[in-house]
Amino acid sequence: ARGYAITITGSADTTITNAVTFNNTGGLTFYNANYNFTGGITYAGVLTTIGTAIITSNTPIALGNINNTGGNLVLTSNGGNITIGTVTNAVTNTYNFNLNSGAGTITLNGTIGAATPFNNITIDSTGVGNNLVANNNMSAASNILINIGGGISGSAVYTTNYFRIFSISGGTISLGNANNVATFYGVNNNGNLNFNNTGALALDRLTVVGNVNITTNGALTQTALAFTTNVSGTTTFSVGANPITLTAPLFAGVGNVFTGALTLSNSGANDINILGTSNYILAASNIGRSLTLSTNGTVTQTGAIVSANAG
């Protein structure tokens, strides 16, 4: 049956207890149902889902490309890795895509919602050491929400309005490609965070037990109700010919906290203004015009501060 298509029109709940490998090349179609492959599912071809499809396995899930044509898509592995290729979405900004792995790495080898973005993408893999490897672009109109036990790597470009990352047990979060994100929320409980954005970026929360390096090609700000930024390692903000304005109101009496050295870089007739409550260690920095640091702690300097357009 290698050249034939296979269509499964399960009932509301369909359970298959043995490990299943589909070897046909004509395509595989799942209709609106909840499919529980307790022994695992493997298919290298194109899987088409019609209506909401929930695919669950107690062991690894390995799928090729997925064509989501008319509903939400949920993939859950309760006991292993998830590996998938390209995931397309039929209707822009409409359906949601969820990936859940109880114990394993999630590897995305193709684009996710690139041509027609999902509305929301949620990835949950919170076991200790669980990692996300995203090797291609990911797009969602509203939110991309990632809760991960370990680190995040790969060459993906993330495009969304609101991007939230929460690393529970820690690991390096490396997002250094040309991301297109409006608002960023990043928490890493034990590791470094590197984030690059092609335009303006608003920080909603930034809490990192490690070092932070954020580069933008637009203004760097905080949302009006932002949690305070709290970085225990070194912090580097580089924004090109744009301002840095991190002046969200104090949260429970606490403002932005930078424990390690703070390096700032912008250019042109643009200012840098930071409000906080910690001691600041200002490393060598290049300032476009003026620098304002407001804190109830001390400010020390370890390198030259150069302003090309000081008045």
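All values derive from a computational prediction rather than experimental measurement.
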Practice prompt. Please examine the side chains of Leu63 and Ile41, heavy atoms only from C-beta on, and report whether any two atoms are closer than 4.5 Å.
Written response: yes
Discussion item. Between Asp271 and Ser290, does the side chain to side chain donor-acceptor pair (under 3.5 Å) criterion hold? Intermediate values first, please.
Written reply: CA-CA 5 Å; Asp271 302 328; Ser290 67; 2.9 Å; yes
Practice prompt. Answer yes or no: is there a donor N or O on one side and an acceptor on the other, between the side chain of Asn192 and the main chain of Asn211, under 3.5 Å?
Written response: yes
Worksheet item: Applying the 4.5 Å side-chain criterion to the ILVMFWY set and letting contacts propagate, would Val209 and Ile168 be lumped into a single cluster?
Response: no
Item to complete: Assign the ring pair Phe30 / Phe22 to parallel, tilted or perpendicular, where the plane angle (0 to 90°) is split at 30° and 60°.
Response: perpendicular
Item to complete: Give a yes or no answer on whether the side chain of Thr216 reaches the backbone of Ala200 with a donor-acceptor pair at less than 3.5 Å.
Response: no
Discussion item. Checking Asp124 now: which residues fulfil side-chain hydrogen bond (donor to acceptor under 3.5 Å, both in side chains) with it, not counting sequence neighbours?
Written reply: Asn147
Discussion item. Test side chain to side chain donor-acceptor pair (under 3.5 Å) on Asn58 and Thr38; report intermediate values, then the result.
Written reply: CA-CA 5 Å; Asn58 291 334; Thr38 60; 5.0 Å; no
Worksheet entry | Candidate list Leu47, Val74, Ile66, test side chain to side chain contact (heavy atoms under 4.5 Å, CB included), partner Ile55, passing option | Leu47
Worksheet item: Which atom pair, heavy atoms only, marks the closest approach of Ala141 to Asn93?
Response: CB-OD1, 3.1 Å
Worksheet item: Got Val257 and Thr277 here, is their nearest side-chain heavy-atom distance under 4.5 Å?
Response: yes
Worksheet item: Is Tyr43 linked to Ile112 within one hydrophobic cluster, defined over Ile, Leu, Val, Met, Phe, Trp and Tyr using a side-chain heavy-atom separation of less than 4.5 Å?
Response: yes
Worksheet item: If only atom types and distance count, is the side chain of Thr295 paired as donor or acceptor with the main-chain N or O of Ser278 below 3.5 Å?
Response: yes
Item to complete: Determine, using the 4.5 Å side-chain heavy-atom cutoff (strictly less than), whether Leu246 and Leu293 are members of one ILVMFWY cluster.
Response: yes
Worksheet item: Pick one: which of Asp204, Leu201, Thr221, Leu203 meets side chain to side chain contact (heavy atoms under 4.5 Å, CB included) with Thr183?
Response: Asp204
Worksheet, complete the sentence: Nearest heavy-atom contact between Ile82 and Leu75 is CD1-O, 4.1 Å
Worksheet item: Ser125 side chain to Gly104 main-chain N or O, any donor-acceptor pair under 3.5 Å?
Response: yes
Worksheet entry | side-chain hydrogen bond (donor to acceptor under 3.5 Å, both in side chains) against Asn179, all qualifying residues, sequence neighbours excluded | none
Worksheet entry | Option from Thr76, Ile61, Leu108, Val87 for which side chain to side chain contact (heavy atoms under 4.5 Å, CB included) with Leu99 holds | Leu108
Item to complete: Give me the one residue out of Leu145, Leu132, Ile144 that meets side chain to side chain contact (heavy atoms under 4.5 Å, CB included) with Ile123.
Response: Leu132
Worksheet entry | Nearest-0.5 Å distance, CG of residue Asn213 to CG of residue Leu175 | 11.5 Å
Worksheet item: Got Ile274 and Tyr280 here, is their nearest side-chain heavy-atom distance under 4.5 Å?
Response: yes
Practice prompt. Given side chain to side chain donor-acceptor pair (under 3.5 Å), test Thr56 with Asn36 step by step and report yes or no.
Written response: CA-CA 5 Å; Thr56 303; Asn36 186 10; 5.1 Å; no
Fill in: Criterion side chain to side chain donor-acceptor pair (under 3.5 Å) on Asn68 and Thr49, from CA distance to verdict
CA-CA 5 Å; Asn68 184 59; Thr49 58; 2.9 Å; yes
Worksheet item: Quick one: does Tyr158's side chain get under 4.5 Å of Ile152's, heavy atoms only?
Response: yes
Worksheet item: Side chains of Ile16 and Tyr35: does their closest heavy-atom pair fall under 4.5 Å?
Response: no
Worksheet item: Would a distance-only check, ignoring hydrogens and angles, find a side-chain to backbone donor-acceptor pair under 3.5 Å from Thr160 to Ala140?
Response: yes
Item to complete: Without swapping roles, check the side chain of Thr92 against the backbone of Pro117 for a donor-acceptor pair under 3.5 Å.
Response: no
Fill in: Ile173 side chain near Ser167 side chain, heavy-atom distance below 4.5 Å
yes
